[in-house]
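Some notes on the structure that comes next.
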Amino acid sequence: MKDSKPRDFIRQIIHDETKNQDSRKVITRFPPEPNGFLHIGHAKSICLNFAVANENKGKTFLRFDDTNPLKEDDIYVQSIKEDVSWLGFDWEDRLTFASDYFENLYQAAIKLINKGLAYVDSLNANEIREYRGTLTEPGKDSPYRNRSPEENLELFKRMKNGEFSDGEMILRAKIDMKSPNMNMRDPAIYRIRKHAHQRTADKWCIYPMYDFAHALSDAYEGITYSLCTLEFEDHRPLYNWFIEQVETEHRPRQIEFSRLNMAYALTSKRKLHGLIINKIVDGWDDPRLVTISGMRRRGYPPNAILDFCERIGITKKDNYIEMGVLENSVREELGDTTQRRMGVLDPLKVTIQNFENDKVEVLEAQNHPQIPEFGMRKISFTKELYIERSDFKEDAPRKFHRLKPGGEVRLRYAYIIKCEEVIKDSSGNIEELICSYDPDTKSGTGKSDKKVKGTIHWVSAEHSFDAEIRLYDRLFKVHNPAASDDLEKTINPDSLKTVQAKLEDSLGAEGAPPSFQLERTGYFCLDTKLSNEKKRIYNRTVTLRDSWAKIEKAAMSQG
RNA sequence: UGGGGUGUAGCCAAGUGGUAAGGCAACGGGUUUUGAUCCCGUCAUUCGCAGGUUCGAUCCCUGCCACCCCAGCCA
């Protein structure tokens with residue numbers, strides 16, 4: 001396995017670097033900031049980090065990058081832990097926080113000051129920006145850049161002791177104000193934030209910046225490969241500078257890969273926050289979101305997400321993955337793991353005129369057509385039934401092999417019925433179908449040679465129950481909603497539709513599967529957040545592939 | 001106009017001096033009591049463009065073009 005061909009450039013690098021070092025371990029980390037919920041893009045990173053370590057008999061840390069108390073909260077820590085475990089990954093005893101290292105980080109800053117490589121600047125934020133220069137013009141040195149190590153030390157300690165207000169002083173690395181890389185123009189290391197931290201409370205009023213804290217946390221934990229996204233590529237010289245100058249025992253290597261973008265979706269914590277604050281969606285776990293919690297609520301199994309992450313690969317190229325790829329992974333996983341049931345989303349009443357009034361015939365149905373181990377269940381056939389309204393057409397096109405006036409169709413696991421009469425209300429809407437059934441065509445008996453082109457699903461009126469089902473479509477109308485300056489304008493008004501469905505009784509029974517396929521319509525799951533004792537609410541996870549819909553669409557576009 | 005990256009099909013993505021894997025999508029066909037699943041087939045004379053080196057270039061060299069990221073006391 002170790003010698004099998006690496007799947008991507010990162011695994012290639014690791015393979016090349018470690019193949020001749022039998023003692024070398026691969027240690028990775030997933031470093032979320034606890035300021036929001038995780039989404040599919042994070043899943044890509046989680047899978048990469050845990051898988052790469054695992055493939056090399058290494059370990060992975062779950063480390064929270066909690067260096068900005070203004071934006072972070074424990075509720076995000078809890079949700080992130082839940083999401084990572086739900087995906088199936090185990091950090092064991094390696095749950096850490098950048099804040100665990102605040103004391104070490106503080107000492108490291110002092111070391112830089114003593115080496116003459118850091119200074120306390122008294123410029124304010126605006127002045128610092130002006131001094132930084134622009135992309136094409138070099139910056140200029142701060143007038144405070146040449147304070148002595150002694151003075152810097154004194155000032156830094158006073159910063160720590162809370163003697164200055166926010167923004168009054170700042171600790172900066174002394175690197176090169178003329179560097180073409182903006183990150184090297186004396187970046188901030190420590191800023192004053194008189195704000196309680198969710199873990200360290202009021203112990204500190206100075207907090208380290210990302211570049212400093214992240215690089216050193218990696219080094220402290222013995223991370224060998226620090227895998228991050230492309231936007232940090234030009235932070236790498238700074239990452240290396242900190243590690244070099246602080247002279248840490250371990251020297252991690254940062255490697256960047258491209259972040260995941262999904263077409264017609266949002267993978268930006270900041271923008272997701274906006275949707276939630278403006279109540280455009282139901283919360284971080286809204287099933288229309290590609291957040292981990294949203295996908296979980298929607299019914300996406302973790303294995304589908306893992307499979308998806310494997311399929312999309314790891315490269316440095318900008319990408320926009322189509323939703324179809326994710327949905328394909330979901331269908332593939334659910335197809336092999338869920339039982340089949342019947343339910344009617346848009347019920348049309350059918351009366352079987354030649355079936356006895358109060359008779360209940362119990363039929364056997366397979367729980368999975370290809371997996372007999374999933375067993376059988378009983379379904380009840382009665383005089384009054386419901387079928388899907390779209391399975392009947394008065395003037396049906398030739399290729400429509402469902403029910404039409406005078407036509408026949410098979411009811412799945414039951415009989416062939418014939419439409420004898422169409423009953424309409426005063427305004428011409430179809431209210432009910434009067435049908436007859438052929439007793440010789442009972443499913444599985446082989447008594448009759450009669451063949452019909454179509455098989456449709458149904459439920460018994462008596463032996464079904466009402467349920468609300470939520471049907472989802474893409475949340476956005478546009479390919480890249482993140483590029484829009486008015487997010488609300490990009491929202492698809494039809495992203496959520498609610499229908500009152502009739503589901504076969506077995507779904508309401510004790511031990512009913514929480515996730516299942518409704519034959520011919522899709523995969524569904526119980527929404528445990530919205531359901532209660534009185535009312536069951538289901539989410540449509542994903543539709544089945546529908547080649548009939550394609551034919552219809554093609555016919556429509558041809559006129 | 002500074003620096004850092006990236007260009008292989010509609011979307012992803014292997015490949016690497018010897019004649020373009022695979023997946024998703026799409027399109028044809030077969031099986032089917034889910035118009036599902038499954039199966040089989042089609043889908044890049046060409047790798048951003050232009051030159052050059054070579055018997056031979058997607059791969060090496062030169063030039064150009066396009067796109068992404070960077071001017072937080074965010075991560």
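Numbers restart at 1 for each chain; the letters A, B, ... are given by sequence-line order, proteins then strands. Fair warning: this is a prediction, and the values are worked out from it, not measured in the lab.
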> Which parts of residues 181-197 of chain A get close to RNA chain B, meaning a heavy atom less than 4.0 angstrom away?
Replying inline: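 The answer is A:Met182, A:Ala188, A:Arg191, A:Arg193.
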Given [N], is OP1 or OP2 found less than 4.0 Å from the side-chain N or O atoms of [X]?
{"X": "A:Arg172", "N": "B:C73", "value": "no"}
{"X": "A:Arg410", "N": "B:U34", "value": "no"}
{"X": "A:Lys317", "N": "B:G5", "value": "no"}
{"X": "A:Lys550", "N": "B:A25", "value": "no"}
{"X": "A:Ser547", "N": "B:A36", "value": "yes"}
{"X": "A:Ser329", "N": "B:C24", "value": "no"}

Regarding [X], tell me which of base, sugar-phosphate or nothing describes its non-hydrogen contacts under 4.0 Å with the strands shown.
{"X": "A:Met209", "value": "sugar-phosphate"}
{"X": "A:Lys399", "value": "base"}
{"X": "A:Thr315", "value": "sugar-phosphate"}
{"X": "A:Pro32", "value": "nothing"}
{"X": "A:His235", "value": "base"}
{"X": "A:Gly454", "value": "nothing"}
{"X": "A:Asp211", "value": "nothing"}
{"X": "A:Ile128", "value": "base"}
{"X": "A:His214", "value": "nothing"}
{"X": "A:Arg132", "value": "sugar-phosphate"}
{"X": "A:Leu123", "value": "base"}

>> I need the A:Leu155 CG to A:Phe164 CZ distance, nearest 0.5 Å.
In response: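 The CZ atom of A:Phe164 is 4.5 Å from CG of A:Leu155, to the nearest 0.5 Å.
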Hey, does the side-chain of [X] have a donor or acceptor N/O within less than 3.5 Å of a partner on the base of [N]?
{"X": "A:Glu137", "N": "B:G2", "value": "no"}
{"X": "A:Arg520", "N": "B:U34", "value": "no"}
{"X": "A:Thr455", "N": "B:U34", "value": "no"}

Measure from [atom1] on [X] to [atom2] on [N] and round the result to the nearest Å.
{"X": "A:Arg402", "N": "B:U34", "atom1": "CZ", "atom2": "C1'", "result": "11 Å"}
{"X": "A:Leu403", "N": "B:U33", "atom1": "CG", "atom2": "C1'", "result": "15 Å"}
{"X": "A:Asp318", "N": "B:A66", "atom1": "CG", "atom2": "P", "result": "16 Å"}
{"X": "A:Trp458", "N": "B:U33", "atom1": "CH2", "atom2": "P", "result": "18 Å"}
{"X": "A:Lys269", "N": "B:A75", "atom1": "NZ", "atom2": "C1'", "result": "8 Å"}
{"X": "A:Glu310", "N": "B:A14", "atom1": "CD", "atom2": "C1'", "result": "15 Å"}
{"X": "A:Ile551", "N": "B:A36", "atom1": "CD1", "atom2": "C1'", "result": "13 Å"}
{"X": "A:Phe9", "N": "B:G15", "atom1": "CZ", "atom2": "C1'", "result": "16 Å"}

> Nearest nucleotide by nearest heavy atom, which residue falls closer to the 5' end of RNA chain B, A:Thr521 or A:Thr67?
Replying inline: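 Going by which nucleotide is closer to the 5' end, it is A:Thr521.
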>> Return whichever of A:Arg340 or A:Gly324 has its heavy-atom-nearest nucleotide of RNA chain B closer to the 5' end.
In response: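 Between the two, 5'-proximity favours A:Gly324.
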With rounding to the closest Å, how many angstrom separate the [atom1] atoms on [N] and [M]?
{"N": "B:C60", "M": "B:C70", "atom1": "P", "answer": "29 Å"}
{"N": "B:C69", "M": "B:C61", "atom1": "P", "answer": "28 Å"}
{"N": "B:C49", "M": "B:C65", "atom1": "P", "answer": "15 Å"}
{"N": "B:A50", "M": "B:C68", "atom1": "C1'", "answer": "24 Å"}
{"N": "B:G52", "M": "B:A13", "atom1": "P", "answer": "32 Å"}
{"N": "B:C67", "M": "B:U53", "atom1": "C1'", "answer": "29 Å"}
{"N": "B:G23", "M": "B:A14", "atom1": "P", "answer": "15 Å"}
{"N": "B:C38", "M": "B:A71", "atom1": "P", "answer": "47 Å"}

> Can you find a heavy atom in the side chain of A:Phe37 that is under 4.5 Å from one in the side chain of A:Ile80?
Replying inline: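 When only atoms from C-beta onward are counted, A:Ile80 and A:Phe37 do not touch, as no gap falls below 4.5 Å.
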Any salt bridge between [X] and [Y], counting N to O under 4.0 Å?
{"X": "A:Lys442", "Y": "A:Glu361", "value": "yes"}
{"X": "A:Arg311", "Y": "A:Asp307", "value": "yes"}
{"X": "A:Arg377", "Y": "A:Glu364", "value": "no"}
{"X": "A:Glu552", "Y": "A:Lys393", "value": "yes"}
{"X": "A:Arg341", "Y": "A:Glu519", "value": "no"}
{"X": "A:Arg11", "Y": "A:Glu55", "value": "yes"}

> Is the glycosidic angle of B:G72 within 90° of 0, making it syn, or outside that range, making it anti?
Replying inline: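 B:G72: syn glycosidic orientation.
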Check whether the side chains of [X] and [Y] place a donor and an acceptor atom closer than 3.5 Å, and report yes or no.
{"X": "A:Asn126", "Y": "A:Asn124", "answer": "no"}
{"X": "A:His214", "Y": "A:Arg29", "answer": "yes"}
{"X": "A:Tyr239", "Y": "A:Asp211", "answer": "no"}

[N] pairs with, by Watson-Crick or G-U criteria that keep both distances under 3.5 Å:
{"N": "B:C49", "result": "B:G63"}
{"N": "B:C74", "result": "none"}
{"N": "B:G18", "result": "B:C55"}
{"N": "B:U34", "result": "none"}

>> Using 30° and 60° as the class boundaries, would you call the ring planes of A:Trp284 and A:Tyr76 parallel, tilted or perpendicular?
In response: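 Judged by the thresholds at 30° and 60°, the geometry between A:Trp284 and A:Tyr76 is perpendicular.
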> When the ring planes of A:His197 and A:Tyr207 are compared, do they come out parallel, tilted or perpendicular, using 30° and 60° as the limits?
Replying inline: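 Ring orientation of A:His197 relative to A:Tyr207: parallel.
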>> By nearest atom, which of the nucleotides B:U33, B:A25, B:C74 is closest to the A:Glu33 side chain?
In response: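 Out of B:U33, B:A25, B:C74, the nucleotide with an atom closest to A:Glu33's side chain is B:C74.
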> Out of B:U33, B:G35, B:A75, which nucleotide sits closest to the side chain of A:Tyr210?
Replying inline: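 When the side chain of A:Tyr210 is considered, B:A75 is the closest of B:U33, B:G35, B:A75.
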> Which pairs pass salt bridge (charged side-chain N to carboxylate O under 4.0 Å, His left out) with one or both residues in residues 173-197 of chain A, sequence neighbours excluded?
Replying inline: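 Residue pairs passing salt bridge (charged side-chain N to carboxylate O under 4.0 Å, His left out), neighbours aside: A:Arg145-A:Asp186.
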Tabulate protein N/O versus nucleotide N/O from nucleotides 37-44 of chain B, keeping only pairs under 3.5 Å, one per line.
residue : atom : partner  : partner atom : Å
B:U37   : OP1  : A:Arg545 : NH1          : 2.2

> With centres under 5.5 Å and planes under 30° as the test, does A:Trp548 stack with B:G35?
Replying inline: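 Check passed, A:Trp548 stacks on base of B:G35.
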